[in-house]
Amino acid sequence: MLETRNLRAGYGHITVLWDVSLAFREGALTAIVGPNGAGKTTLLRALTGLIPHQGEILLGGAPLAGKTWDLAGQGIVLVPEGRMVFRDMSVEENLCLGAYPKRSRGDLSASLERVYGLFPRLKERYRQAAGSLSGGEAQMVAMGRGLMSKPRILLIDEPSLGLAPVIVQEVFEIIRRLKAEGTTIVLIEQNTSIALSVADDVHLLRAGKVLLSEPAAQVQIERLHDLYFAREAKTA
Ligand code: ATP
């Protein structure tokens, strides 16, 4: 469905991603794991047109072009690292911003009900300023705002960042539900065990290169960690 071919991207003269070729299958959850600075967020920025790139990004075989807002209109939606909620706006105002693309404006109240169904805690706090929410609640707002756009492909960047384990479990329960509903998901995650527990396909990125691409069920965790931490594989 979504594919990159020899994707290069970075900042100014610094190249971060080096010829990254990846395929994200329709209806599947693809996890991108890798250490700090591997280029995971940069990959999502390139996919969503936030930074320029070289190489190809294809959607359904055709080149994907446009800026972030055009892509949201085509159903490619980013839930950014660090939540990026509008702190002075209420929970519900933040959610409604997600329904701005033309294709999602029509059913605002049905979409809100769906999001409140997934995140009852947001319904209880719908008038509260987003800046006063806990980290877990803010992550729910960021995911809910993404869902308001009715994504065909949801790109989620480090949803577990800075959250207590019990809240991480709650957030991943929702990700599991979205996957079960058939949403195509690209998940960036540093926590390999939680990523593997939910993923269909896994790619390991380190220093801007893809070191491993496998179905999650086939991943050998020791080998993944050897590559992740750049350590010598243990010999028997
Ligand atoms: P983390 O898990 O720590 O978020 P990551 O794999 O998402 O890491 P990126 O955020 O993509 O990594 O960063 C990759 C490299 O690009 C890093 O060396 C980082 O310092 C650099 N970088 C990121 N954003 C910028 C920027 N706006 N300007 C310059 N360099 C940047």
Side-chain angles (χ1 to χ4, degrees), residues 2-24 29-57 64 67-69 71-72 76-85 135-136 138-143 145-146 151 153-165 167-169 171-172 175 184-199 201-214 216 219 221 223-231:
L2 182 65
E3 206 182 325
T4 70
R5 287 192 195 153
N6 299 319
L7 182 72
R8 280 192 183 207
Y11 306 93
H13 296 299
I14 300 165
T15 302
V16 172
L17 298 177
W18 295 91
D19 301 322
V20 169
S21 298
L22 294 170
F24 306 103
L29 191 153
T30 304
I32 312 279
V33 299
N36 285 126
K40 307 181 295 296
T41 296
T42 302
L43 173 65
L44 293 193
R45 287 190 186 133
L47 283 175
T48 50
L50 287 168
I51 56 171
H53 68 268
Q54 294 170 311
E56 290 179 281
I57 301 176
L64 181 69
K67 290 288 175 197
T68 320
W69 47 91
L71 299 182
I76 300 180
V77 173
L78 175 66
V79 179
E81 184 176 10
R83 347 291 186 211
M84 302 247 184
V85 297
Q139 181 63 41
M140 291 173 195
V141 170
M143 286 171 61
R145 182 180 57 196
I153 305 177
L154 193 60
L155 312 171
I156 313 178
D157 197 352
E158 296 266 9
S160 70
L161 195 73
L163 301 184
I167 307 294
V168 172
Q169 291 303 336
V171 166
F172 272 79
I175 293 175
T184 303
I185 300 173
V186 178
L187 171 73
I188 301 289
E189 192 46 69
Q190 270 196 50
N191 180 334
T192 48
S193 50
I194 198 147
L196 282 172
S197 75
V198 70
D201 300 325
V202 176
H203 303 286
L204 170 67
L205 202 60
R206 203 184 73 212
K209 294 185 180 157
V210 179
L211 297 193
L212 174 140
S213 293
E214 278 178 355
V219 170
I221 194 78
R223 181 160 169 268
L224 179 77
H225 284 165
D226 287 340
L227 292 167
Y228 189 111
F229 296 113
R231 64 190 184 202

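Start at 1 and go down the list; that is how both ligands and their atoms are numbered. Worth knowing before you read on, the calculation uses all heavy atoms, side chains too, and leaves out hydrogens, waters and symmetry mates.
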- Message: salt bridge (charged side-chain N to carboxylate O under 4.0 Å, His left out) for E81 and R45? Distances and angles first, verdict last.
- Response: CA-CA 11 Å; E81 184 176 10; R45 287 190 186 133; 5.7 Å; no

- Task: Can you confirm whether something in the protein, heavy atoms only, sits under 4.0 Å from atom 20 (O) of ligand 1?
- Result: no

- Query: P35: heavy atom below 4.0 Å from ligand 1, yes or no?
  - Reply: yes

- Nearest protein heavy atom with distance in Å, relative to atom 13 (O) of ligand 1: T42 OG1, 3.8 Å

- Note on the structure: of all protein heavy atoms, closest to atom 4 (O) of ligand 1 is E81 OE2, 3.4 Å

- Query: Out of I188, T41, L43, V33, whose heavy atom is nearest to atom 10 (O) of ligand 1?
  - Reply: T41

- Note on the structure: among protein heavy atoms, the one nearest atom 3 (O) of ligand 1 is N36 ND2, 2.7 Å

- Just how far is it from atom CG of D157 to atom CG of L44, taken to the nearest 0.5 Å? 5.0 Å

- What do you think, any protein heavy atom under 4.0 angstrom from atom 31 (C) of ligand 1? yes

- Item | G39-ligand 1 polar pair, N/O distance under 3.5 Å | yes

- Query: Where is the nearest protein heavy atom to atom 16 (O) of ligand 1: which residue, which atom, and how far?
  - Reply: V16 CG2, 3.4 Å

- For G37 and ligand 1, answer yes if some heavy atom of the residue is under 4.0 Å from a ligand atom, otherwise no. yes

- Closest non-hydrogen atom pair between E189 and P159, with its separation: OE1-CD, 3.4 Å

- Show your reasoning for whether side chain to side chain contact (heavy atoms under 4.5 Å, CB included) applies to I57 and L47. CA-CA 7 Å; I57 301 176; L47 283 175; 3.8 Å; yes

- Item | ligand 1 to A38 polar contact by distance, N or O atoms, under 3.5 Å | yes

- Please walk me through it: do E56 and E3 pass side chain to side chain contact (heavy atoms under 4.5 Å, CB included)? CA-CA 8 Å; E56 290 179 281; E3 206 182 325; over 6 Å; no

- Distance in Å, T184 OG1 paired with L154 CG, rounded so as to fall on 0.5 Å steps: 9.5 Å

- ligand 1 contact by I14, heavy-atom criterion under 4.0 angstrom: no

- Interatomic distance, L2 atom CG to I153 atom CD1 [nearest 0.5 angstrom]: 4.5 Å

- Item | Distance, nearest 0.5 Å, that separates NZ of K40 from CD1 of I32 | 10.0 Å

- Item | Heavy-atom nearest neighbour in the protein, as seen from atom 22 (N) of ligand 1, with distance rounded to 0.1 Å | Y11 CE1, 3.4 Å

- Would you mind running through ligand 1 and noting each atom that sits below 4.0 Å from a heavy atom of E158? 2 (O)

- Result of checking V77, V79, I185, L78 against P151 for side-chain contact (heavy atoms from CB on, under 4.5 Å): V77

